[in-house]
Amino acid sequence: MSAVRARALPEGPVPVVLAGARGHGRWHLNNIRRLADAGRVTLAGVCELKPLDEAELAGFTDVAQSADFGELLDRTGARVAIVCTPIPTHTDLALTAAARGVHLLLEKPPAPSYAEYERMAAGVAEAGIACQVGFQSLGSHAVSHVRDLVRDGLIGDLLGIGAAGAWARDEAYFRRAPWAGHRRLPDGRGGTVDVVDGVLTNPLAHAVATGLALDGATGADDLTGIRTELFRANAIEADDTSYLELTTRTGSRVTVAATLCAERPDEPYVVVHGSRGRITFWYKQDRVLVQRADHGPEESVHGRTDLLENLVDHLTDPSGATRLIVTPASAGAFMRVVEAIRLAPEPVALPADAWSSLPAGGGDGVRRRVVHGVDGLVAASADTLTGYAELGASWARQGQEAAT
């Protein structure tokens, strides 16, 4: 792969191929449409097992379609590829693009294991292509704002960072794709392939990545300790209600409490605790609240740089000054977390009295499972930097006993 050269960029809009245009891929399709209207990119091709219909491609013309990603890249001459496909396919598709000198926006998690992440990162580096990892929250200008406030001592000494994510997903969510809700799948050759789906590694992965970014612990060697409490209320293999505690090489602590079984779903957030105050960052809203002694609360809303737009700017900036926001190297600590979850004992099934099944609200008979009191536990975890067991959840204490 070392002989590969990145494809030269054309004059005008950058041709993009999207692999995975349904599910979350629809968000990317709409984003491409926005940037196409601005003259920044053009949709050259879509890689899907079932071709998109005319309605799905509204606003686009002359879009090639194929289930063969490599063939599509060759045929369209794409300069950028977006990979938004099942987690186990990320590394191979990234390397398929790298082998052709095509730059990448690779959805999170970038790989299902640390070994696959290293294989992807090495191939990308050898090919000399640009690769952006799809942690959209890290494009928020609030990230640098909060880090500046902490650096300047606005809230005193840093005591720790706690993230909270209380979301709800119905039972159909875990049936939306063959890999959903799985930790691994048969590979068709008598073995298994890692998936590592779960609340911390996929739907609320941004809570993990944002907490790490605010601490400045994003590299693979920035973590010295990882502890997990993994549980599930749903009839799945992966975790849907979990706690993560990280120790960084500077001695600080980052925690994440997350669930897909919230009683009343709310916006996820990260709390930065200081000796003289705290900063709360609602990362999907780019909203920051500063609270400190002897001062009134101060709230601000910040802009956001789109990751695909940043990738295009990086590739087209003649000065070379535009840096990628999320490189593979800056996802190293997150991938250490993925690996720890991959190797952790199977998530503990919550006892039947810990959760209830309720109508999901769509009027179609779909139900969702709700863990009693989990909203308060998630919030208390972010406030105290402690896990569910230490907060007194009986199901968490029972789970710890079962694991020992």
Query - Backbone N/O of His206 and side chain of Thr210: donor-acceptor pair under 3.5 Å - result: yes

**Report entry** side chain to side chain contact (heavy atoms under 4.5 Å, CB included) between Arg278 and Ile155, worked out
**Finding:** CA-CA 6 Å; Arg278 59 190 279 171; Ile155 59 171; 5.6 Å; no

**Report entry** Atom pair CD1/OG of Ile279 and Ser300 - distance to nearest 0.5 Å
**Finding:** 9.5 Å

Query raised in the report: Say you draw a straight line from CG of Leu43 to OG1 of Thr76; how long is it, rounded to the nearest 0.5 Å?
Result: 9.5 Å

Query - Check ion pair Arg336-Asp222 (N to O, under 4.0 angstrom) - result: no

Query raised in the report: Taking the six-membered ring of Trp179, is NZ or CZ of Arg183 closer than 6.0 Å to its centre and within 45° of its axis?
Result: no

Query - Check against side chain to side chain contact (heavy atoms under 4.5 Å, CB included), Phe135 and Ser330 - result: CA-CA 11 Å; Phe135 285 110; Ser330 67; over 6 Å; no

**Report entry** Contact summary for Arg304 and Tyr283, nearest pair of heavy atoms
**Finding:** NH2-O, 2.5 Å

Report summary line: The reported gap from CZ in Arg369 to CG in Leu350 (rounded to nearest 0.5 angstrom) is 10.0 Å

Query raised in the report: Looking at side-chain heavy atoms only, is the closest gap between Pro109 and Tyr117 below 4.5 Å?
Result: no

Report task. Please tell me if the side chains of Leu200 and Leu230 come closer than 4.5 Å, counting only heavy atoms from C-beta onward. Result -> yes

Query - Check: His302 side chain, Asp286 main-chain N or O, donor-acceptor pair, under 3.5 Å - result: no

Query raised in the report: Should the pair Trp395 and Tyr388 be assigned to parallel (<30°), tilted (30 to 60°) or perpendicular (>60°) ring geometry?
Result: tilted

Query raised in the report: Do Asp317 side-chain atoms and Thr322 backbone N/O form a donor-acceptor pair below 3.5 Å?
Result: yes

Query raised in the report: How about Val196 and Ile87: do any of their side-chain heavy atoms sit closer than 4.5 Å?
Result: no

Requested in this report: Could you tell me whether the side chain of Leu29 reaches within less than 4.5 Å of the side chain of Phe60, counting heavy atoms only?
Outcome: yes

Requested in this report: Determine yes or no for a side-chain-to-main-chain donor-acceptor pair under 3.5 angstrom, with Glu171 supplying the side chain and Asn234 the backbone.
Outcome: no

**Report entry** Closest contact, heavy atoms only, Leu138 versus Val143
**Finding:** CA-CG2, 4.3 Å

Requested in this report: Show your working on side chain to side chain contact (heavy atoms under 4.5 Å, CB included) between Val374 and Trp355 and close with a plain yes or no.
Outcome: CA-CA 9 Å; Val374 74; Trp355 56 271; over 6 Å; no

Query raised in the report: Ion pair present between Arg7 and Asp74, side-chain N to carboxylate O less than 4.0 angstrom?
Result: yes

Report summary line: Here the pair of heavy atoms bringing Leu391 nearest to Leu377 is CD1-O, 3.6 Å

Query raised in the report: Is a side-chain donor or acceptor of Ser275 paired with a backbone partner of Asp157 at a separation under 3.5 angstrom?
Result: yes

Report task. Could you tell me whether Arg151 atom CZ has more than 12 heavy atoms of other residues or ligands within 6.0 Å of it? Result -> yes

Report task. Please name the pair of heavy atoms, one in Arg368 and one in Ala168, separated by the smallest distance, quoted to 0.1 Å. Result -> NH1-CB, 3.4 Å

Query raised in the report: Does any non-hydrogen side-chain atom of Glu298 lie less than 4.5 Å from one of Arg292?
Result: yes

Query - Note: Glu346-Arg184 ion pair, threshold 4.0 Å (strictly below) - result: yes

**Report entry** Whether Thr241 side chain and Arg232 backbone form a donor-acceptor pair below 3.5 Å
**Finding:** no

Query raised in the report: Is atom CD of Glu118 surrounded by more than 12 heavy atoms (other residues, nucleotides or ligands) closer than 6.0 Å?
Result: yes

Requested in this report: Side-chain contact test, heavy atoms from C-beta onward, threshold under 4.5 Å: evaluate it for Met120 versus Leu106 and give yes or no.
Outcome: yes

**Report entry** Name of the residue among Met335, Arg119, Arg342 meeting side chain to side chain contact (heavy atoms under 4.5 Å, CB included) with Tyr114
**Finding:** Met335

**Report entry** Presence of salt bridge, Asp37 and Arg34, under 4.0 angstrom
**Finding:** no

Query raised in the report: Would you say His182's side chain and Asp197's backbone share a donor-acceptor pair under 3.5 angstrom?
Result: no

Requested in this report: Rounded to the nearest 0.5 Å, what's the gap from OH on Tyr243 to OG1 on Thr259? Could you check?
Outcome: 15.5 Å

Query raised in the report: Taking NZ, NE, NH1 and NH2 as the nitrogens, is one of them in Arg40 or Asp313 under 4.0 Å from a carboxylate oxygen of the other?
Result: yes

**Report entry** Minimum heavy-atom distance between Val378 and Gly165, given as atom pair plus value
**Finding:** CG1-N, 3.6 Å

Query raised in the report: Given the rule in the side chain to side chain donor-acceptor pair (under 3.5 Å) test, do His28 and Glu107 qualify, once you have shown the distances and angles that lead to the verdict?
Result: CA-CA 10 Å; His28 286 289; Glu107 258 300 344; 2.8 Å; yes

Query raised in the report: Is a side-chain N or O of Glu267 found less than 3.5 angstrom from the main chain of Trp282, in a donor-acceptor match?
Result: no

Query raised in the report: To the nearest 0.5 Å, how far apart are CG in Asp383 and NE2 in His273?
Result: 6.0 Å

Query raised in the report: Is there a donor-acceptor contact under 3.5 Å from the side chain of Glu48 to the main chain of Arg22?
Result: yes

**Report entry** Side chains of Leu104 and Val124 in contact at under 4.5 Å (non-hydrogen atoms)
**Finding:** yes

Query raised in the report: Does Asp194 reach the main-chain N or O of Ser113 with its side chain, forming a donor-acceptor pair under 3.5 Å?
Result: no

Report summary line: To the nearest 0.5 Å, atom CG of Leu246 lies from atom CZ of Arg253 at 10.5 Å

Report task. For residues Ile236 and Gly181, report the shortest heavy-atom separation together with the two atoms involved. Result -> CB-O, 3.7 Å

Query - Full working for side chain to side chain contact (heavy atoms under 4.5 Å, CB included) between Val80 and Leu308 - result: CA-CA 9 Å; Val80 169; Leu308 176 57; 4.2 Å; yes

Query raised in the report: Side-chain contact, heavy-atom cut-off 4.5 Å: Asn30 with Trp27?
Result: no

